[in-house]
Amino acid sequence: MSEAETNNEYREQRLANLAALEEMGYPPYGAAFERTGSLAELRESFEEERPVSAAARLSTVRDMGKSIFADLRDGSDRFQVYVQKKAIGEDAFKAFKLLDLGDQVGVEGELFVTRTGEPTIKVSKWTLLSKAILPPPEKFHGLKDVEMRYRQRYLDLVGNPEVRELFNKRSALIREIRHYLAERGFIEVETPMLQSQAGGAAAKPFVTHYGALGSDVYMRIAPELYLKRLLVGGFDKVFELNRNFRNEGLDRTHNPEFTMLEIYEAFSDVNGMRELIQGMIIHVAETVFGTLSVGEGDTALDLTPPWREATYHELIREKMGDDWFDLSLEEARTKAEASGLDPDPAWDTLMVTHEVYEKTIEPALQQPTFVTRLPAQLVPLAKACPDDPSLVDVFELVIRGQEVAPAYTEMNDPIEQRRRFMEQAGDDATKIDQDFVTALEHGMPPAGGMGVGIDRLMMILSGAEAIRDVILFPQLKQKSE
RNA sequence: GGGCCGUUAGCUCAGUUGGCUAGAGCACUUGACUUUUAAUCAAGGGGUCCCGGGUUCGACCCCCGGACGGCCUACCA
């Protein structure tokens, strides 16, 4: 798609207009331009006969012969300008007619209200700021082609104001999260994205090569093991809000690079994390979206606290019957199959149970739910429940069927941690992060920790159906010739 | 990775049981118009019907292969 190179009538016409404007003394790519404010600010502070200047993209033109109405559009609003031949002179008027939709222009003039009640700038002088050589997308329907919307997101943003609004909200959400955590004494840190061991989760990493060291390095799949090192170092409230990379499939809820917030608090535990995340999500819902309810009808979401809390076992029993955990493997498998699942013959009871959870229970948890006390085998970096060593002291916050935030009372026993790593790595000591275990051996305080998928949180709060709708430039395949 | 669906003008979309010059709206060009706002009116130009191959007297349409996208599915702490 090299349409910039395509010779089409639009481009040629616009280049001809550019040349003509240049000839008339309008350099096509102007310099800084002093504006009274954004178009939204002009509208808010409207006052008749006030002299103002504005700069924005030309979005529609209504040519009446000796006068022209045109709309300017910027990231904030639309505003009408009125250009009169008599007012700006014959040459400037003639030149204005050489403008094309999409051109960036600056105008100076006086505010007034038209006969039909439209706030308008009566232009006394105009400046060309940037000539658009390619035409904008269709003005009424906007840009629909999803592929172009993602590949040329700038066109999506120009043509579809609701998209721009969504990304404004994403920015506000991130700002409010940082604000919320800073207010509670957390400091933001930056830990390596290039790691020699990709730890902290169990996903396939991207591998790249570091030439100067002559060795392969991995893009991080999680910052967890570095943040915990900082707990050892005495930072007692830390968070990192940045990208993780996972070399896995691409679908409606997965992008290979995604934004993760990880939070660790020394001397706290999973209960502290529960208070923190509930308060944080309510805070951003209120400040950014102005409401604790999202959507309507069957899928309406209500974030009013307190949120439901249920143990993993309770949810399983609720769905599969009180006797589920007394069943033999065969009986469990049969019952799972009766629920429409297809358990792998090699699986044990734990795996069959987890399949039931992931396929039938989690997706059905519409309202915010803290799922607690998960089987220890599923979570190697969490501490066991004091009353039951087969369970870990964790929660997974599920909203709208999606896992938004897993939180743990963190494992800080170096001996137990090494044992679990070895188990996970199939006893291959080269695959475990020895430096991390060494850090634990120096003594990590008891702590609560949590990861929050920011893209998914954004999807939930905005009602977006696909992760690529909340990521400015989602991963797409490269076009090959 | 597998299945289904889609790709027609710059954009948004019609359409053809396989037929002769492939349509509309916006956009563009020319003309008219000093309060319009998806301005209006008149005239006009614009197409590799995603790409490659096949069948056919004839393919945008049917068949095979491919690219890209969407949905579902699989994988994914």
Side-chain angles (χ1 to χ4, degrees), chain A residues 1 3-4 6-14 16-17 59-73 78-88 93 100-102 112-120 122 132-152 155-156 158-160 199-205 221-222 224 244 246-256 258 260 342 344 354 357-359 362 374-382 392 394 396 403 405-406 408 424 451 453 465-466 468 474 476-481:
Chain A
M1 229 183 12
E3 73 270 41
T6 307
N7 278 326
N8 65 51
E9 56 172 315
Y10 294 93
R11 196 159 187 268
E12 283 178 17
Q13 181 57 46
R14 282 161 177 263
N17 291 344
S59 72
T60 60
V61 174
R62 295 175 288 283
D63 183 347
M64 315 289 298
K66 294 191 177 64
S67 71
I68 296 170
F69 287 94
D71 288 341
L72 298 185
R73 194 180 283 276
R78 174 199 74 81
F79 207 92
Q80 180 168 269
V81 299
Y82 182 52
V83 183
Q84 236 180 345
K85 188 178 189 174
K86 199 172 66 186
I88 67 166
F93 191 74
D100 292 296
L101 299 187
F112 78 109
V113 179
T114 65
R115 185 189 287 170
T116 52
E118 175 87 12
T120 304
K122 186 169 191 175
I133 295 172
L134 290 170
E138 210 256 6
K139 66 180 174 189
F140 186 59
H141 296 93
L143 184 64
K144 291 271 178 59
D145 183 293
V146 290
E147 189 175 350
M148 213 185 299
R149 285 186 47 220
Y150 301 140
R151 287 192 199 279
Q152 294 179 274
L155 292 179
D156 193 25
V158 167
N160 300 323
K204 260 180 270 165
I221 55 177
E224 174 157 357
N244 285 347
R246 295 188 183 176
N247 202 342
E248 307 279 0
L250 192 62
D251 65 26
R252 218 161 47 80
T253 56
H254 294 83
N255 197 61
F258 61 100
M260 178 73 106
D342 183 22
D344 190 303
H354 199 56
Y357 174 76
E358 289 207 317
K359 292 287 154 61
E362 188 179 82
L374 270 68
Q377 295 94 320
L378 298 175
V379 191
L381 292 162
V392 280
V394 303
E396 286 189 353
E403 188 187 325
Y408 311 159
Q424 192 184 28
E465 292 297 326
R468 48 179 189 272
L476 294 178
K477 248 175 131 165
Q478 290 205 317
K479 294 256 189 182
S480 61
E481 282 311 314

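It should be emphasised that the depicted structure is a prediction, and the values quoted were computed from it without experimental measurement. Below, chains carry the letters A, B, ... as their sequence lines are ordered, and counting in each starts from 1.
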- prompt: So, is K66(A) near the phosphate of U36(B), with a side-chain N or O under 4.0 Å from OP1 or OP2?
  reply: no

Residue mapping more 5' on RNA chain B - nearest nucleotide basis, K144(A) or Y150(A): K144(A)

- request: Just do the side-chain contact (heavy atoms from CB on, under 4.5 Å) check on V113(A) and T120(A) with the steps written out, would you?
  value: CA-CA 6 Å; V113(A) 179; T120(A) 304; over 6 Å; no

- request: Return the nearest nucleotide to the side chain of K359(A); candidates are A74(B), C26(B), U35(B).
  value: A74(B)

- request: Could you let me know what A67(B) is paired to, Watson-Crick or G-U wobble, both distances under 3.5 Å, or none if it's on its own?
  value: U7(B)

message: Both distances below 3.5 Å, Watson-Crick or wobble geometry, any strand: find the nucleotide opposite A59(B).
response: none

message: Say we look at C33(B) and U48(B): how far apart would their P atoms be, to the nearest angstrom?
response: 37 Å

query: Are the ring of F140(A) and the six-membered base ring of A38(B) within the stacking cut-offs of under 5.5 Å and under 30°?
result: yes

query: Does the side-chain contact (heavy atoms from CB on, under 4.5 Å) test come out yes or no for Y10(A) and L134(A), once each step is laid out?
result: CA-CA 7 Å; Y10(A) 294 93; L134(A) 290 170; over 6 Å; no

message: Mind checking if K204(A) touches a base, just sugar-phosphate, or nothing, with heavy atoms under 4.0 Å?
response: nothing

message: Applying a 4.0 Å non-hydrogen cut-off, can you work out what V146(A) is touching in the nucleic acid: base, sugar-phosphate, or nothing?
response: sugar-phosphate

message: Any side-chain N or O of R468(A) below 4.0 angstrom from OP1/OP2 of C71(B)?
response: yes

- prompt: Does a nitrogen or oxygen in the side chain of R252(A) sit under 4.0 Å from OP1 or OP2 of C72(B)?
  reply: yes

query: Any donor-acceptor pair under 3.5 Å between the side chain of Q80(A) and the base of U36(B)?
result: yes

- prompt: Would you call T114(A) and Q80(A) a side-chain contact if the rule is heavy atoms closer than 4.5 Å?
  reply: yes

query: Between Q13(A) and U29(B), does any side-chain N or O lie under 4.0 Å from OP1 or OP2?
result: yes

- request: Would you indicate, yes or no, if G69(B) has its OP1 or OP2 atom less than 4.0 angstrom from a side-chain nitrogen or oxygen of R151(A)?
  value: yes

query: Are any non-hydrogen side-chain atoms of R149(A) and N160(A) less than 4.5 angstrom apart?
result: yes

task: Answer with base, sugar-phosphate or nothing: what part of the nucleic acid does R246(A) contact at a heavy-atom distance below 4.0 Å?
output: nothing

message: So D145(A), base contact, sugar-phosphate only, or nothing? Heavy-atom distance under 4.0 Å.
response: sugar-phosphate

query: Contact class for G142(A) (heavy atom, under 4.0 Å): base, sugar-phosphate, or nothing?
result: sugar-phosphate

query: A202(A) or Q84(A): which one's nearest nucleotide on RNA chain B is closer to the 5' end?
result: Q84(A)

query: Base, sugar-phosphate, or nothing for P380(A), non-hydrogen atoms under 4.0 angstrom?
result: base

task: Would you indicate what L143(A) reaches in the nucleic acid, counting non-hydrogen atoms under 4.0 angstrom: base, sugar-phosphate, or nothing?
output: sugar-phosphate

field: Complementary nucleotide of U40(B), counting Watson-Crick and G-U pairs under 3.5 Å
entry: A32(B)

